[in-house]
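One structure is given below, encoded as structure tokens.
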Amino acid sequence: MPTFIDLFAGAGGFSEGFLQAEYNGKYYDFLLASDINPTCEVTHRMRYNYQLGLNTEFLTKDITDPDFLEVLVNKIHKSSGNRDIDVLVGGPPCQSFSLAGSRKKNDKKDDLFSYYLRVISFIKPKYFVMENVYGILTKYNGEVKKRILNEINSIVDENALADFLRLTETYKSRLDLKSQEAITVEYGYRKLQISLSTERILRRNSAEYLQALETLQSMDLPEEQRSYLMSSILLRKQQMEVPELDNFCDRLSERFVDAFRNNAAVSEEERNVVRQALNLIKRQYTISDILKATKKEINGCQLNNSTYKEEFDGITDVLTADHILDIFYTACDLLERKADSAQTRSIVAEVRLAVNVLYENVLDTVSKLVASLNNVLSATERKEFSEVADAIRLYHINNEIVLLASDYGVPQNRQRVVFIGCRKDQPLITSIPATVTGSDKVTTSEALDDLLYIGNNSTKTSYDETTYQKALFGKPLRCVLGQKNANEGEEMHSYIDWSKRGRLNPERFPNIKKPAYTSCNFWSDVDESDLSVIELANHQTSNQNKVVKERYGLMRKYGSWAEARAAEPDNPVFKTNKRNYTLLGAEEQAPTIMTIGDDYAHYGDNRSLTVREMARLQSFDDSFVFQGKRTTGGDRRKVETPQFTQVGNAVPPLMAHAIALEILKNIR
């Protein structure tokens with residue numbers, strides 16, 4: 001069966017949806033989930049290890065840690081017997097991409113997709129899915145989206161790249177060595193050598209680090225010594241050196257120095273700018289580590305909105321490759337103007353070309369080499385060369401796919417973007433077909449009517465039969481993804497009953513346990529004997545005072561927060577720091593569910609939503625329990641991820657189910 005892992009797993013929306021999906025007897029084997037938040041580990045392990053009885057591993061670790069990849073792969077291989085990972089899914093945190101939130105410079109979350117793509121490049125799954133908010137398409141005028149697609153297209157098949165280099169080495173001698181084509185090919189060839197060597201060095205460093213780590217773990221040492229040695233090993237792993245890059249930059253520097261050796265019109269200071277830029281390019285991996293560490297400190301020390309923020313932003317500005325290259329190009333422009341001969345100007349242009357090639361996309365370099373060499377190749381050679389060049393690109397993706405959760409049976413108009421990369425040996429996926437549209441979509445009343453028996457400041461741990469029977473009246477029967485028409489053999493239930501009975505195939509989980517809850521925020525603190533086994537979890541209302549309840553009542557009366565305030569502008573109940581409330585429409589889909597339950601007014605009662613009601617609107621089964629505390633605040637948020645946050649940040653399982661199903665239909 002195909003395997004999958006879930007990064008940035010959060011509460012487990014992707015995990016849940018992928019486990020629900022089945023097609024022609026195929027389903028997924030869930031190997032591992034990972035998230036930085038320990039409370040999410042508790043929710044995951046309680047669901048998948050304790051309740052469902054799976055052997056799924058969980059890795060609580062920051063993906064930006066320098067040894068994340070090694071620890072991830074080691075954990076997967078040890079638990080699954082070196083099985084390949086067929087599908088990788090994940091949604092890098094989206095706060096900094098969201099249209100609704102602030103977009104902070106140097107927000108660590110902005111670059112997390114690059115770390116995610118590094119994992120993809122390392123483990124090379126057949127398919128990967130990266131989910132994010134719709135705002136990512138317009139962030140920085142579309143530059144973020146462009147960068148994502150560019151980086152996906154830059155993931156290469158190392159064996160194919162090696163084959164391409166061998167052919168290039170064979171063919172490049174046919175060019176006139178002084179021609180522009182020959183110069184372009186030579187620098188492109190060396191750039192591809194650097195790319196291939198870098199990838200192999202990264203893999204070798206990872207293998208050596210893991211080997212050293214295993215040796216260290218087998219030794220009987222005091223914990224302080226072990227910790228010190230582990231830190232030393234990790235530091236050595238990070239010391240990235242690429243001899244091919246050093247040689248490339250040294251040769252350019254020598255060529256440049258020779259060109260200006262006796263040129264009195266150009267000062268030594270002006271010449272040194274280019275030489276210094278080449279030295280910085282040699283050290284780009286070290287500088288990149290410094291940049292990442294600085295960003296991490298900005299966020300770790302909570303410097304946002306502080307007097308230090310602007311100064312630290314200045315540090316990161318000068319450490320970027322773009323900044324270094326801007327100074328380099330300006331220096332080249334000056335030197336070309338001051339050069340006293342055509343030959344000197346030519347050398348400056350050549351150095352500029354070499355650096356351009358070094359920083360361009362691998363596939364752009366490949367295309368240049370193919371175009372430059374085609375004229376000296378026979379028809380047979382051109383065909384072979386093009387085929388090898390085409391094979392270098394490991395993943396194919398036409399474009400992003402925009403999804404609306406309500407198109408897949410979710411009672412919520414949550415718009416999201418997914419990037420689905422398909423390895424070159426797998427069919428391309430360009431869309432996730434909608435399963436329900438228009439007036440057939442699931443409404444909020446279909447999802448929540450049977451939970452309306454709860455009062456203010458109350459907790460319910462079981463269903464109310466009278467409310468349930470009343471709620472079922474007039475509710476349509478549906479297939480699991482919302483369809484009102486079933487194929488032969490498909491089950492149909494109301495949305496409420498799907499939520500109560502569960503959407504997982506019971507034959508695959510014959511020993512499933514009843515829902516259980518713990519308030520623990522760390523898995524190491526969980527004691528199975530102290531668990532609260534309950535029929536219905538997470539159904540607790542806030543203790544809202546008379547004024548707040550009256551405010552909700554007026555919203556329901558007039559139809560919205562804005563209309564209520566416009567109708568009674570002098571009513572004191574509207575004096576609040578709350579900027580906005582959203583009133584749910586009973587016969588509509590909910591808006592995007594966020595992380596604060598008090599932001600939403602219930603269509604059928606003068607109150608906000610419970611965690612369970614928000615989970616229903618996200619399409620989680622009732623048996624899926626959100627662990628830890630219901631709410632939290634202040635410094636506790638560093639180690640606690642409250643239930644409301646777990647729900648609001650999750651991928652709707654039914655939307656994930658639809659994605660998983662489409663991959664199951666195509667995967668080879």
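A salt bridge between K557 and E563 is absent, with no side-chain N of the basic residue lying under 4.0 Å from a carboxylate O of the acidic one. Contact check on E143 versus R147 returns no salt bridge, with no Lys/Arg side-chain nitrogen under 4.0 Å from an Asp/Glu carboxylate oxygen. With respect to the salt-bridge test (charged N to carboxylate O, under 4.0 angstrom), the residues K475 and E446 do not qualify. Contact check on K441 versus E587 returns no salt bridge, with no Lys/Arg side-chain nitrogen under 4.0 Å from an Asp/Glu carboxylate oxygen. Checked for salt-bridge contact, K514 and E535 miss the test: no charged N lies under 4.0 Å from a carboxylate O. Under a 4.0 Å N-O distance rule, the pair D450/R616 qualifies as a salt bridge.
Counting only heavy atoms from C-beta outward, the side chains of V442 and S406 never approach each other to under 4.5 Å. No side-chain heavy atom of D621 sits under 4.5 Å from any side-chain heavy atom of R501. A heavy-atom distance below 4.5 Å is not found between the side chains of T444 and Q589. When side chains are defined from C-beta on, N413 does not count as touching P591, because their heavy atoms never get closer than 4.5 Å. Side chains of N505 and E22 form a contact here, defined as non-hydrogen atoms less than 4.5 Å apart. Looking at L88 and V129, their side chains never come closer than 4.5 Å, going by heavy atoms from C-beta outward. Residues L403 and V418 meet the side-chain proximity criterion, which asks for heavy atoms closer than 4.5 Å. In this structure, I420 and I397 have side chains that are not in contact, with every pair of non-hydrogen atoms separated by 4.5 Å or more.
In this structure a side-chain-to-backbone donor-acceptor pair under 3.5 Å is missing from T595 to T645. A donor-acceptor pair is defined here as one N or O able to donate and one able to accept, closer than 3.5 Å; no such pair exists between the side chain of N37 and the backbone of T39.
Taking the six-membered ring where the residue is Trp, Y28 and F18 present tilted rings, their angle falling between 30° and 60°. F312 and Y308 have perpendicular rings, their planes meeting at more than 60° on a 0 to 90° scale where under 30° would count as parallel. Taking the six-membered ring where tryptophan is involved, the planes of H44 and F58 are tilted, since the angle between them lies from 30° to 60°. Ring geometry, W498 versus H493: the interplanar angle exceeds 60°, so the pair is classed perpendicular (tilted spans 30 to 60°).
Side chain to side chain, E588 and T443 fail the donor-acceptor criterion of an N or O pair below 3.5 Å. No side-chain donor-acceptor contact under 3.5 Å links N456 and T541. With hydrogens and angles left out, the side-chain atoms of S458 and Q540 include no donor and acceptor closer than 3.5 Å. Side chain to side chain, Y453 and D605 fail the donor-acceptor criterion of an N or O pair below 3.5 Å. Side-chain contact, Y48 with E16: a donor N or O sits under 3.5 Å from an acceptor N or O. Between the side chains of D622 and Y463, at least one donor N or O sits under 3.5 Å from an acceptor N or O. Side-chain atoms of N606 and R556 include a donor-acceptor pair closer than 3.5 Å. Between the side chains of D527 and S529, at least one donor N or O lies within less than 3.5 Å of an accepting N or O.
Annotation: cation-pi pair R503/Y495 present, NZ/CZ under 6.0 Å from the ring centroid and within 45° of its normal. Annotation: cation-pi pair R508/Y27 present, NZ/CZ under 6.0 Å from the ring centroid and within 45° of its normal.
When the salt bridge (Lys or Arg N to Asp or Glu O under 4.0 Å) test is applied to K460, no partner is found at least two apart in sequence or on another chain.
When each of L59, N521, I36, T60 is paired with E41, the side chain to side chain contact (heavy atoms under 4.5 Å, CB included) condition holds for T60 and for no other.
Taking the six-membered ring for Trp, Y552 and Y581 have ring centres closer than 6.0 Å. Under the 6.0 Å cut-off for aromatic ring centres, F113 and Y115 do not qualify, their centroids lying 6.0 Å or more apart.
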Could you go through K296 and D65, starting from their C-alpha distance and side-chain angles, then the distance that decides it, and tell me whether this counts as salt bridge (charged side-chain N to carboxylate O under 4.0 Å, His left out)? CA-CA 10 Å; K296 201 165 188 174; D65 287 349; 3.1 Å; yes
Could you walk me through whether E613 and R607 satisfy the salt bridge (charged side-chain N to carboxylate O under 4.0 Å, His left out) test, starting with their C-alpha distance in whole Å, then the side-chain angles of each, then the deciding distance to 0.1 Å, before giving a yes or no? CA-CA 12 Å; E613 286 169 329; R607 62 174 176 83; 2.8 Å; yes
Decide yes or no on side chain to side chain contact (heavy atoms under 4.5 Å, CB included) for I596 and T631, but give the supporting numbers first. CA-CA 9 Å; I596 303 175; T631 61; over 6 Å; no
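The distance from atom NZ of K484 to atom CG of L477, rounded to the nearest 0.5 Å, is 10.0 Å.
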